[in-house]
Amino acid sequence: MHILADQNIPHVDAAFQALGTVTTLPGHAIGPDEVAGAEVLLVRSVTAVDEALLRAKRASGSTLAFVGSATIGTDHVDQALLRDRGVAFAHAPGSNAESVVEYVVTGLLALHEREGLSHAGRTVGIIGVGQIGSRLAVRLEALGFRVLLNDPPRQENEPDQPFVRLDALLEESDIVTLHVPLTSDGPYPTRGFVDDQFLKRLQPGTWLVNSCRGGVVESEALRTHRDQLGSLILDVWPNEPTPLPALIDAADIATPHIAGYSFDGKLNGTLMLHEALCDVLGQPPRWSGEAERRPGSPLIAYTPPADLPETARLSRLAQQAYPIWRDDAQFRTTLCRASSPAAGFRELRKTYPRRRAFGLWSVEDAGLAEKLGFEGGQTRSRALG
């Protein structure tokens, strides 16, 4: 069995070598000719699985039988096309949810510390309460934020859950963070969801965070209303991998679509695809990833000084596990110097440093550990409902 995989899926060779011959390529280099001879295709969000990619299938007699995406989102995959062609599909819902939660938490704490603000009691409106949004709500409440939740599809099916209308969320929130899929149709399309009218409804000085999909935000509307906003965190961009320089300049924290890029989150995705393919093949899983997951040495964080404000203590502890300002600086520097912004964007993602989950880090202060989800604390970000 010939398995074609994105080379940035961690340990893909180890996970799939017992199931067939594995060939790896950069995600943007996977094209119709490469896919034509594959029986299994494993991708990330940079590879669009559509008619253009699969156009050589019938002519070549390819036996493509399984497509797996090591991602939460699926907007880059034409699932209807795969169904029509009898190709099994699997993805990795929730695989990197904790990683995105840790990104948002670290970014918010870092900006509160920079601005000399206490985070306690500030209201965060979460739009999209799926795998990521629900876990983020748990973590933010443990930290002392007030949380509002908006998710119309879930509210229709779960009227007893504590969801609020969008107008109420925008009116009451100090911070709004986006965690919706990118959709263009259906009753609740999200493409261009954050438009001129959305931004006008925000209270002056509201912070905005986007770590879901760049297409959810209209770039011109954001540029027009930037002065009315407070802090801005952007990890995803319209026109990736060539984000507008003006949007990068407008963001307080800017990163190259790496919120979900913790090593552990990506490894979860590999494992989920391995298990899905084994299920399709009628075989028991042959790889668990446990050996690859174990840190080479203990991950120990120091306890920040007790005389600092709590926000600063939490921020400095979080940044030991995830130095978010490093990612921001590297992104800005690389895109300024790169002869090709797209090449620079891709290279940052390809060479991204190994970032480990908060739960693998230990710290002596049990109270701080509890709030951030470090080892020794009991708080883990479980999905609501």
> Does the side chain to side chain contact (heavy atoms under 4.5 Å, CB included) test come out yes or no for Leu314 and His112, once each step is laid out?
Replying inline: CA-CA 10 Å; Leu314 289 165; His112 278 85; over 6 Å; no

Hydrophobic cluster identity match, [X] and [Y], side-chain contacts under 4.5 Å:
X: Phe374; Y: Val101; result: yes
X: Leu178; Y: Val124; result: no
X: Leu199; Y: Val217; result: yes
X: Val46; Y: Ile258; result: no
X: Leu140; Y: Val129; result: yes

Examine distances only and state if a side-chain atom of [X] and a backbone atom of [Y] form a donor-acceptor pair shorter than 3.5 Å.
X: Thr351; Y: Glu347; value: yes
X: Thr190; Y: Pro181; value: yes
X: Gln283; Y: Cys278; value: no

Hey, could you give me the [atom1]/[atom2] distance between [X] and [Y], rounded to the nearest 0.5 Å?
X: Arg346; Y: Asn8; atom1: CZ; atom2: CG; value: 11.5 Å
X: Leu169; Y: Leu202; atom1: CG; atom2: CG; value: 9.0 Å
X: His119; Y: Phe145; atom1: NE2; atom2: CZ; value: 5.0 Å
X: Asp365; Y: Leu372; atom1: CG; atom2: CG; value: 10.0 Å
X: Ile9; Y: Gln7; atom1: CD1; atom2: CD; value: 10.5 Å

>> Is there a side chain to side chain donor-acceptor pair (under 3.5 Å) between Gln79 and Thr74? Walk through the geometry before answering.
In response: CA-CA 8 Å; Gln79 295 183 60; Thr74 60; 3.3 Å; yes

Side chains of residues 290-303: which donor-acceptor pairs under 3.5 Å do they make with residues two or more places apart or in other chains?
unit_1	atom_1	unit_2	atom_2	d
Glu292	OE2	Trp287	NE1	3.4
Arg293	NH1	Asn268	OD1	3.1
Arg293	NH2	Asn268	OD1	3.0

Student check: side-chain heavy atoms of [X] and [Y] closer than 4.5 Å:
X: Val43; Y: Leu41; value: yes
X: Leu234; Y: Leu222; value: yes
X: Asp264; Y: Arg356; value: yes
X: Arg313; Y: Lys371; value: no
X: Glu310; Y: Ser118; value: no
X: His274; Y: Leu19; value: yes
X: Arg213; Y: Ser45; value: yes
X: Met1; Y: Leu281; value: yes

>> Run Arg135 and Gln131 through side chain to side chain donor-acceptor pair (under 3.5 Å) and show every step you take.
In response: CA-CA 6 Å; Arg135 286 169 166 80; Gln131 294 279 357; 2.6 Å; yes

> Looking at Val209, Leu208, Leu229, which hits side-chain contact (heavy atoms from CB on, under 4.5 Å) with Val176?
Replying inline: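 So, applying the side-chain contact (heavy atoms from CB on, under 4.5 Å) to Val176 and each of Val209, Leu208, Leu229, only Leu208 qualifies.
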
> Looking at Phe331 versus Trp237, is the centre-to-centre ring distance below 6.0 Å?
Replying inline: yes

> Under 6.0 Å from the CD atom of Glu364, do we count more than 12 heavy atoms belonging to anything else shown?
Replying inline: no

>> Does Ile126 form a side chain to side chain contact (heavy atoms under 4.5 Å, CB included) with Leu136? I'd like the steps, not just the answer.
In response: CA-CA 8 Å; Ile126 299 176; Leu136 179 61; 4.0 Å; yes

> Would Val49 and Asp78 satisfy side chain to side chain contact (heavy atoms under 4.5 Å, CB included), going step by step from the backbone distance to the final call?
Replying inline: CA-CA 6 Å; Val49 181; Asp78 187 338; over 6 Å; no

> Between the side chains of Asp327 and Tyr352, does any donor sit under 3.5 Å from an acceptor?
Replying inline: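 Distance-only check passes for Asp327 and Tyr352.
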
Considering only NZ, NE, NH1 and NH2 on the basic side and carboxylate oxygens on the acidic side, decide whether [X] and [Y] come within less than 4.0 Å.
X: Arg355; Y: Glu102; answer: no
X: Arg349; Y: Asp235; answer: no
X: Glu171; Y: Arg165; answer: no

> Within 45° of the six-membered ring axis of Trp325 and under 6.0 Å from that ring's centre, is NZ or CZ of Arg114 located there?
Replying inline: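 No cation-pi geometry.
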
>> As a quick check of understanding, evaluate side chain to side chain contact (heavy atoms under 4.5 Å, CB included) for Tyr103 and Ile324, giving each step before the final call.
In response: CA-CA 8 Å; Tyr103 173 93; Ile324 195 168; 3.9 Å; yes

